[in-house]
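Keep in mind that the numbers below use all heavy atoms, side chains included, and drop hydrogens, waters and symmetry copies.
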Amino acid sequence: MTKRELSGHPLAHPGKLFIGGQWVPARDGRTEPDISPIDGQEIVPVAQAAATDADAAVAAARTAYEEGPWSRLSAQERALRLNRVGELIERDLEEIALLETVDMGKPFAFSSTVDAPMAAQLMHYYAGAVTRVDGSSRAPAGGQLAYTLREPLGVVCAITPFNFPLLLSMTKIAPALAAGNTVVHKPSPATPLTALKIAELFQEAEIPDGVLNVVTGPGVELGETLTGHPGIDKIAFTGSTAVGQSIIRKSAGTLKKVTMELGGKSANIVFADADLDAAEELAFFGIYYNKGEICTAGSRLLLQRPIHDELVERLVRRAAALKPGDPRDPQTLFGPLAHRAQFDKVSSYIEVGEKEGALLRTGGTGWTPEGASSQGLYFLPTVFTGVDNGMRIAQEEIFGPVLSIIPFDTEEDAVRIANDSAYGLAAGVHTKDLRRAHRVASQIKAGTVWVNCYNQYDPSVPYGGYKASGYGRECGPESLESYTQTKSVWIGMD
């Protein structure tokens with residue numbers, strides 16, 4: 001095995017927060033070790049911000065917005081600076097990807113080809129898109145002149161999860177800054193390292209002080225301070241539905257704008273006329289990509305009865321053959337779960353599924369790869385069959401490599417089962433019948449539907465949820481617009 005290793009110290013300022021363009025310790029000096037899920041070892045110490053540190057970050061962002069140059073720069077000038085950050089990400093791509101791998105357990109094969117490159121693409125996309133943010137002229141009655149302006153909101157708080165630390169930071173930071181806002185970023189306490197690395201690159205790119213601030217530390221304390229803070233104008237959050245609901249309630253007192261990208265329990269539907277080889281590949285990829293720690297995971301696989309048994313056997317064999325490995329090895333496609341609490345949660349659902357009467361066909365337990373540390377958080381790819389859609393393993397977001405396979409008879413059955421969920425983030429449809437594909441896609445209550453593909457993303461294409469999967473969109477011009485507000489200007493012509 002040829003493992004990639006971090007060279008030297010992974011961060012230039014370990015144990016520090018990034019506030020107002022300066023690297024500073026937490027006010028009380030507290031740090032906690034950041035633990036790798038690969039071996040349970042400390043990577044670096046991470047500062048543990050308290051409410052006073054959050055206040056300082058908000059004040060720095062507010063000063064940068066109200067008094068600094070950022071919001072007053074032309075769109076072209078902001079674009080140049082954002083492109084520079086994108087170029088620095090591309091320069092340090094391998095280092096950033098490896099940092100993501102060590103911190104989160106994501107295989108380097110993916111962090112180096114998907115996450116880090118797309119982080120740079122997001123910066124470049126919004127650098128270009130911001131020059132197209134404009135208003136329009138109107139023709140009101142009475143011969144007056146009216147026009148609209150799109151203006152930034154002010155200070156944005158980005159709260160990001162542990163599963164895609166880099167990408168889900170940039171889907172918020174890039175459009176927020178492009179629109180002229182300033183940002184306070186609170187990354188997940190489990191996976192904060194790429195957020196701190198990106199702050200280093202912002203400093204190198206000479207982005208004005210206070211435009212981006214990063215506060216690391218305990219999720220509940222910092223989250224409550226920031227979500228209710230009167231100095232924050234918008235919250236952009238990705239995470240669980242329960243936490244999202246709490247943030248909405250907390251933010252209501254100050255009428256903040258919010259974007260919520262929340263949980264999912266996505267139905268991946270395979271009809272009998274589908275290309276079974278392709279469907280097998282996409283169903284497998286749909287649940288086991290990123291170890292199932294992805295909100296759009298195709299965790300409910302709906303198989304039409306004529307092809308149910310064959311595809312089940314194919315997937316069980318393939319899942320049983322996929323063994324987790326050290327994610328630093330470029331050949332590894334399945335790494336450890338991101339942190340201990342998530343490992344324990346996934347483990348608990350195995351017992352839930354068996355008690356409900358589902359059949360555990362493979363996996364369902366932790367595993368230690370040969371030569372790996374017993375402290376690694378590796379969990380075997382898991383398949384349940386005989387699942388009824390009313391079971392908890394089919395209704396609740398497990399957020400791990402657990403596939404629930406559900407048979408169906410007719411197209412109407414498939415749509416009914418797919419929509420029988422509190423969530424509505426994404427879905428997949430696999431069929432050779434183009435009319436059926438359009439018909440089913442239009443009936444599924446989800447923000448994204450993939451037809452004969454799965455887990456496809458691009459900076460230009462929006463994604464987000466229906467129902468308990470949230471509201472608002474990330475990526476595309478729709479996201480950029482959500483970081484602006486409309487002003488109407490009337491000109492008296494008499």
Side-chain angles (χ1 to χ4, degrees), residues 265-289 291-292 296-323 333-334 346 349-365 379-396 398 400-421 426-437 439-441 443-444 449-455:
K265 195 68 180 179
S266 300
N268 202 2
I269 305 169
V270 182
F271 288 96
D273 69 335
D275 178 331
L276 288 195
D277 291 338
E280 174 193 343
E281 182 74 20
L282 291 164
F284 191 81
F285 172 76
I287 180 60
Y288 298 125
Y289 175 61
K291 310 104 64 180
T296 57
S299 53
R300 289 188 297 153
L301 181 61
L302 278 56
L303 301 181
Q304 199 162 23
R305 288 193 190 275
I307 50 93
H308 174 273
D309 292 352
E310 179 182 350
L311 208 48
V312 163
E313 293 308 314
R314 289 191 189 192
L315 289 167
V316 168
R317 284 196 300 269
R318 189 164 179 176
L322 177 63
K323 294 296 189 288
L333 300 179
F334 193 92
V346 173
Y349 272 98
I350 305 306
E351 182 179 358
V352 168
E354 291 185 307
K355 283 185 175 180
E356 289 182 314
L359 179 61
L360 177 62
R361 296 292 303 273
T362 189
T365 186
F379 199 92
L380 289 172
T382 299
V383 177
F384 277 108
T385 59
V387 177
D388 180 87
N389 196 57
M391 292 179 178
R392 286 179 59 193
I393 59 170
Q395 288 292 317
E396 299 176 12
I398 300 172
V402 180
L403 179 62
S404 295
I405 300 181
I406 303 169
F408 72 91
D409 292 304
T410 66
E411 180 180 312
E412 292 73 21
D413 289 336
V415 171
R416 175 183 54 80
I417 295 169
N419 287 336
D420 182 18
S421 171
V429 178
H430 305 274
T431 178
K432 294 177 181 176
D433 186 334
L434 186 59
R435 292 181 180 179
R436 169 183 279 161
R439 210 165 43 234
V440 173
Q443 294 178 71
I444 290 178
V449 179
W450 290 291
V451 176
N452 296 328
C453 59
Y454 207 87
N455 273 338

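Between the side chain of Lys265 and the backbone N or O of Glu396, at least one donor-acceptor pair lies under 3.5 Å. Counting only distance, with no hydrogens or angles, the side chain of Thr382 and the backbone of Gly364 share a donor-acceptor pair below 3.5 Å. Looking only at distances, no side-chain donor or acceptor of Asp420 sits under 3.5 Å from a matching main-chain atom of Ile417. Judged purely by atom type and a 3.5 angstrom limit, Gln304 uses its side chain to pair as donor or acceptor with the backbone of Ala272.
No close placement of the Tyr349 and Phe384 rings is indicated, their centers lying 6.0 Å or farther apart.
For the atom pair Leu302 CG and Ser266 OG, the distance stands at 11.5 Å (nearest 0.5 Å). Between the CG atom in Leu322 and the CZ atom in Arg317 there is a gap of 15.0 Å [rounded to 0.5 Å]. Of the inter-residue distances, the one linking Phe271 atom CZ with Leu303 atom CG reads 11.0 Å to the nearest 0.5 angstrom. Considering CD1 of Ile350 and NZ of Lys355, their distance stands at 13.0 Å, rounded to 0.5 Å. Here Leu360 contributes atom CG and Thr385 contributes atom OG1; the two are 8.5 Å apart, rounded to the nearest 0.5 Å. Distance check: Arg300 CZ to Asn389 CG gives 5.0 Å after rounding to the nearest 0.5 Å.
Partners of Glu310 by salt bridge (Lys or Arg N to Asp or Glu O under 4.0 Å), not counting sequence neighbours, listed by chain and number: Arg314. For the salt bridge (Lys or Arg N to Asp or Glu O under 4.0 Å) test, residues two or more places apart in sequence or in another chain that qualify with Asp273 are Arg436. Under the rule for a salt bridge (Lys or Arg N to Asp or Glu O under 4.0 Å), Lys432 has no partner lying at least two apart in sequence or in another chain. Residues that satisfy the side chain to side chain donor-acceptor pair (under 3.5 Å) test with Asp309, not counting sequence neighbours, are absent from this structure. A search for salt bridge (Lys or Arg N to Asp or Glu O under 4.0 Å) contacts involving Arg361 returns Glu313, not counting sequence neighbours. For Thr365, the side-chain contact (heavy atoms from CB on, under 4.5 Å) criterion is met by Leu380, not counting sequence neighbours.
By the 30° and 60° cut-offs, the orientation of the rings of Trp450 relative to Tyr454 is tilted.
In this structure, Val346 and Pro401 have side chains that are in contact, with non-hydrogen atoms separated by less than 4.5 Å. Side-chain contact between Ile393 and Ser404 is present, with heavy atoms from C-beta onward closer than 4.5 Å. Taking the side chain as every heavy atom from C-beta outward, Phe408 and Ile269 approach each other to under 4.5 Å.
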Does the pair Leu403 and Phe284 meet the rule for a side-chain contact (heavy atoms from CB on, under 4.5 Å), with working shown?
CA-CA 9 Å; Leu403 179 62; Phe284 191 81; over 6 Å; no
Applying salt bridge (charged side-chain N to carboxylate O under 4.0 Å, His left out) to Glu411 and Arg439, what does each step give before you reach the verdict?
CA-CA 10 Å; Glu411 180 180 312; Arg439 210 165 43 234; 2.8 Å; yes
Going through the distances and angles, do Asn268 and His430 end up as a side chain to side chain donor-acceptor pair (under 3.5 Å)?
CA-CA 8 Å; Asn268 202 2; His430 305 274; 2.7 Å; yes
Report the C-alpha distance between Phe334 and Tyr289 in whole Å, list the side-chain angles of each, state the deciding distance to 0.1 Å, and finish with yes or no for ring-ring contact (aromatic ring centres under 6.0 Å, His included).
CA-CA 8 Å; Phe334 193 92; Tyr289 175 61; over 10 Å; no
Residues Glu280, Arg318; criterion salt bridge (charged side-chain N to carboxylate O under 4.0 Å, His left out); working and verdict
CA-CA 9 Å; Glu280 174 193 343; Arg318 189 164 179 176; 3.5 Å; yes
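The shortest heavy-atom contact between Leu311 and Leu276 is CD1-O, 4.0 Å. Closest heavy-atom contact between Gly286 and Asn455: O-ND2, 3.9 Å. Shortest non-hydrogen contact noted between Ala267 and Ala418 is CB-CB, 3.7 Å. The shortest non-hydrogen separation linking Ile287 to Ser299 is CD1-CA, 3.7 Å.
When each of Val270, Leu301, Leu359 is paired with Ile405, the side chain to side chain contact (heavy atoms under 4.5 Å, CB included) condition holds for Leu301 and for no other.
Crowding of Glu351 atom CD: a count of heavy atoms from other residues, nucleotides or ligands under 6.0 Å not exceeding 12. Within 6.0 Å of atom NZ in Lys323, more than 12 heavy atoms from other residues, nucleotides or ligands are found, so the atom counts as buried in its surroundings.
For the 3.5 Å distance criterion, the side chains of Asn452 and Thr431 fail to qualify, holding no donor opposite an acceptor.
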